[in-house]
Amino acid sequence: MAALFRGRHRWKRTNSLHVLTRNLTGNYDYDLVVVGGGSGGLACSKEAAQLGQKVAVLDYVEPSVQGTRWGLGGTCVNVGCIPKKLMHQAALLGTAVRDAQKYGWTISGPVCHDWATMAEAIQNHVRSLNWGHRVQLQDKKVKYLNIRGSVVDEHTVRGLTTAGKEMILTAKNIVIATGGRPKYPTEIPGAVEHGITSDDIFWLKKSPGKTLVVGASYVALECAGFLTGIGLDTTVMVRSIALRGFDQQMAGLVTDYMDAYGTKFAWKCVPKRVDKLSSGALQVTWTDTRTGSEHEDTYDSVLWAVGRAPETRALGLDRLGVQLKQETGKIILGSDESTSVPNIYAFGDIGEGRPELTPTAIKAGKLLARRLTGHSSELMNYDNVATTVFTPLEYGCVGLSEEEAEKRHGKDGIEVYHAFYRPLEFIVAERNASQCYLKVVCERRGQQKILGLHFTGPNAGEVTQGFALGLQCGATYHHLLQTVGIHPTCAEEVIKVSVTKRSGLDATVTGC
Amino acid sequence: MDPPTGPSLGPYDYDLLVIGGGSGGLAVAKEAAGLRRKVLILDLVAPSLRGTERELGGSSLNMDSIRKFLQQASLLGKAIQDSQKYGWSLKEEASHGWSELVEAVQEQVKTRSMEVKRELKSCGVFYLGARGELVGPNTVEATDVNGRKRRLTAETVVIATGDRPQYLGVPGDREHCLTSEDLLSLLHPPGRTLVVGGSAEGLECAGFLCGLGLPVTVMLQPDLLPGFDRKTAQKIENHMIVSGVDFLYHCSLTKVEQTEACREDVVSGESATTPQEVSRLRVTTISQEGQTKQEDFDTVLLTIGRKAFTSGIGLERVGVQCSQSTGRILVNESDQTSVDHIYAIGSVQHGRPSTTGLSVHAGTLLARRLYGGDGILCDYTNVPTVVLTPLEYAACGLSEEKANLTFGEDSVEVYHSYYWPLEWALPARNKNSCYVKAICHIPDHDRVVGVHVMGPNAGDILQGFVAAMKCGLTKQQLDATVGIHPGSAQVLSSLTQTQRMSEALLMRGNC
């Protein structure tokens, strides 16, 4: 009841034109209001609607610093997975065209890449997905509102349209799935004015040209990878290590391949300032932390890929008393995606300690909807979630890194089976396969339960998926020994792996 | 270098003698040598009827890797087309040069065979390029390429002689037709090709040739992909038709002869002197109704099936029994023949599936059972297979028909979906081509008894699922796995439609 009075009190104070009434019996406008129309938010709202709930989803894209904006669907569809994978494919096709010549295809004249053609095709596809999502919401009878949402209390959401009109919605439950946005290193002079982020790169109408990518996250490496692949002069500037949080041996293979592939690396360097020259080019000054010396170079574009953070302030969460993790700004969640405020839930990238992945957001969203509607009590299992880094040499992994496994079980408690293999496709194409590698990290005792699996090679994501399933089923090394290989594939090397790191023997696969 | 006949661990020259240097034979030999046994492997395969030489490595090396290279060559042709939608510009249409491909592939086959030989040496396996024939219970007579014979004894013998392509037995087939072994020895492009046989081998070859821009017709004699899941086989055929392959149904080949034009060439001496000169062939076929027809092709490729290599190796002499119907060797679950110390693995076995992966697996496990104290038998169920057709198809476990037969239709649930690989978005390829299905046995916790994947990299996608099936995969576990995005494999973790629901199968949206 206190909440009811508090809500009414706030309601009277707002300068609203669209006020939806709430009567005294406690009926809400909606059973569920989801703030955020990304992978997670859409999955949650559609599932809830399917289970009979009255649902509204609010989605609003704050333009990037450079002014880029996009439609419904969130990061994945618009400025993440989808355009990234398509640009990665463009780069792979460049390699394919070169390989083809080794297989007897004759291509006359030089092959060159046009950014505008690629970008337009990708942007059109993304727009079709935006449209597709709108249609799906309509089909599932989810109310879609293109307004910026903020949470007033545990049953009230305020929405603001671009025109400045305000709406108030009340709901039994509120779900926050607003994700995150790229961070800018605001302490670096010129970073904000002259740099772009992953929010912008996929929507550029003109080629970014000679690019400096600052950061060594998978976002940085993937972007640098496809930029190199389409023929652009690309440098990655890394402050300390690449792919923090990932298995470091594998991270090394990924960057080694990129280096051989043509991406330049500036290791242990930190940018100091970015200035725009009269020519329009950007001059970047940086410090090599190993020597303390300063360097300068000019680029057409500077892409910041130094991490992502949620926009929790705009949501009004601090006022509400929703507990946030101070270092990251993300929401602290229970295992059922609940926040510290009743009836307010959150999941996806905005959740502290959650993997920043689309499929986990989708699954978590669906399970949350089922729990909120009383259809299930199943919690989201965040263990053993597979992921893939779509660098020029792809890296797929599931489970623990070798470092983490060693930490948990001790070096003597684990057995690592590994192999350097050679994809058949690379052979005729005469491509260097030195970084094509896999390792299976197992418990040393008994049937040797698989703790982690790591694979670099073509189609790493496709190879890894089934093994992730295996981990779900409690697969052991013993199971791998009993599995028949599919020949000829790269994936079969995983089930054939037999050399242990402990033995010190040569792990190169030979023969047929 | 003569393999030594000096002392082994017992009264025999060798602990293990393997007849056949294909994937199975090599696997058992290497594993046994690794377990410190004295092992000899014999491999001397006669060239094909057309004179195509074979290297050490069996069908696997000589054919499997070639299949992959051919598939790559044809996929890369597609990739060149796709690349233009992704912003790459080519001045003119790319064209394919057959002889460049043949040269590249032949070089690879030789290199890989050298690698196999090197590996055998480093493993400590003795190798003799000779034909093996059992002349006594523990004695094998080895005849090398020069006709030199020697007798070698072994405590245990493994027969892994594999199989070879079959001929039809119609006039002109041996003189004028090629088998898959000959395809990559052709110095000239095969031109307009007729592929006889709807086997996986036949469809693959047809797909490769079509992908390289060559006109291809497939004569489904006798059937389309015998033994495979019917509905998926149909989809493969449909996709090939759309890709430009012609199909001939309900007819069979009765005669192959040279055309007059070709005969004139020979008379005038203008034809090439190499055995594989391009010739125009006239093919006579007869339909089910009895109508004959004639058509001209440049090449006729026979892919009607394979025959086990079980004659001329002395099986009858020592009492190793073969099946009356197939001619293949009868074995028990330990791969043992009717003679205790003689084993058989690979495609020479009767009643077992035949894939390279299986032969390698069976060979390795056999060696471990014989010498490693391991008791693990090779599981011949859930053997995965991959068909490198234009739309790749990989499957493990039961087909829908077998599942229904084994468990009854009411106990079987088929979950399925079409999917659209993200990469197909820009070239705007068909949305209802790629397809997956998981066949579940309802009473047994919805256990997954069959997985079928049709799409790019199907083989790579399926491998991990095969391992999961070994763990007793259920539909619930499949659903509990979070997908890798963006990717095609993840569709297997979000199957909700069943065939029973019989709704229109439209591709579901990405992301």
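Labels below follow one simple rule: chain letters A, B, ... track the order of the sequence lines, proteins then strands, and each chain is numbered from 1. These numbers come from a predicted model, not from an experiment.
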Tell me, for [X] versus chain B, whether the close heavy atoms (under 4.5 Å) come from the side chain, the backbone, both or neither.
X	result
A:Asn459	side chain
A:Met380	side chain
A:Val494	neither
A:Leu481	both
A:Leu480	side chain
A:Thr464	both
A:Ile230	both
A:Leu424	both
A:Phe390	side chain

Based on non-hydrogen pairs under 4.5 Å, which of [options] is most in contact with chain B?
options	result
A:Thr489, A:Val463, A:Ile486	A:Ile486
A:Leu357, A:Thr117, A:Val484	A:Val484
A:Pro458, A:Cys490, A:Pro359, A:Gly74	A:Pro359
A:Glu492, A:His88, A:Glu120	A:Glu492
A:Gly80, A:Gly132, A:Gly466	A:Gly466
A:Trp115, A:Tyr103, A:Trp105	A:Trp105

Under a 4.5 Å heavy-atom cut-off, does chain A meet the side chain of [X], its backbone, both or neither?
X	result
B:Asp479	backbone
B:Leu120	neither
B:Leu90	side chain
B:Arg67	side chain
B:Lys85	backbone
B:Leu492	neither
B:His96	both
B:Leu426	side chain
B:Ile376	side chain
B:Leu70	neither
B:Gln108	side chain

With rounding to the nearest 0.5 Å, note down the distance linking [atom1] in [X] to [atom2] in [Y].
X	Y	atom1	atom2	answer
B:Asn382	A:Gln482	CG	CD	11.5 Å
A:Asp114	B:Tyr86	CG	OH	15.5 Å
A:Thr106	B:Glu92	OG1	CD	10.5 Å
A:Leu469	B:Leu473	CG	CG	5.0 Å
B:Asp82	A:Leu92	CG	CG	12.0 Å
A:Lys102	B:Leu101	NZ	CG	13.5 Å

Closest non-hydrogen atom pair, [X] against [Y]:
X	Y	result
A:Ala491	B:Gln463	CB-CB, 3.4 Å
A:Phe467	B:Ala467	CE2-CB, 4.1 Å
B:Thr481	A:Ala468	CG2-C, 4.1 Å
A:Ala100	B:Ile80	CB-CD1, 3.6 Å
B:His485	A:Cys76	NE2-SG, 3.3 Å

If you count heavy-atom pairs within less than 4.5 Å of chain A, which of [options] leads?
options	value
B:Ala468, B:Gly487, B:Ala104, B:Ala73	B:Ala73
B:Val466, B:Asn457, B:Leu358, B:Thr385	B:Asn457
B:Glu100, B:Lys470, B:Glu107	B:Lys470
B:Ser488, B:Gly472, B:Ala79	B:Ser488
B:Gly459, B:Gly213, B:Ser99	B:Gly459
B:Leu388, B:Asp379, B:Leu212, B:Val383	B:Leu212

**Request:** Say whether, by atom type as modelled, one donor and one acceptor occur between the side chain of B:Trp88 and the main chain of A:Val111 under 3.5 angstrom.
**Result:**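 A pair under 3.5 Å: no.
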
**Message:** Looking at A:Glu462 and B:Ala489, would you say the former's side chain and the latter's main chain have a donor-acceptor pair under 3.5 Å?
**Reply:**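 Yes; at least one donor-acceptor contact below 3.5 Å.
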
**Item:** Derivation of the salt bridge (Lys or Arg N to Asp or Glu O under 4.0 Å) call for B:Glu423 and A:Lys85
**Value:** CA-CA 8 Å; B:Glu423 295 75 17; A:Lys85 187 102 195 285; 2.6 Å; yes

**Request:** Go through the steps to decide whether B:Leu75 and A:Glu425 satisfy the test side-chain contact (heavy atoms from CB on, under 4.5 Å), and finish with yes or no.
**Result:** CA-CA 11 Å; B:Leu75 288 178; A:Glu425 304 88 309; over 6 Å; no

**Message:** Measuring only between side-chain heavy atoms, which start at C-beta, is A:Ile82 closer than 4.5 Å to B:Leu422?
**Reply:**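 Result yes, sub-4.5 Å side-chain heavy-atom pair found.
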
**Asked** Given side chains that start at C-beta, do those of A:Ile427 and B:Lys68 come closer than 4.5 Å, heavy atoms only?
**Response**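 Contact flag for A:Ile427/B:Lys68 side chains = no.
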
Crowded around [X] [atom1]? As in, over 12 foreign heavy atoms under 6.0 Å?
X	atom1	value
B:Lys117	NZ	yes
A:Arg134	CZ	no
A:Lys449	NZ	no

**Prompt:** So among A:Asp383, A:Val385, A:Thr358, A:Ile362, which one has a side-chain contact (heavy atoms from CB on, under 4.5 Å) with B:Val482?
**Reply:**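 When side-chain contact (heavy atoms from CB on, under 4.5 Å) is applied between B:Val482 and each of A:Asp383, A:Val385, A:Thr358, A:Ile362, only A:Val385 qualifies.
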
**Prompt:** Taking only residues two or more places apart in sequence, or in another chain, which ones meet B:Ser113 in a side chain to side chain donor-acceptor pair (under 3.5 Å)?
**Reply:**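 By the side chain to side chain donor-acceptor pair (under 3.5 Å) rule, B:Ser113 matches no residue at all.
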
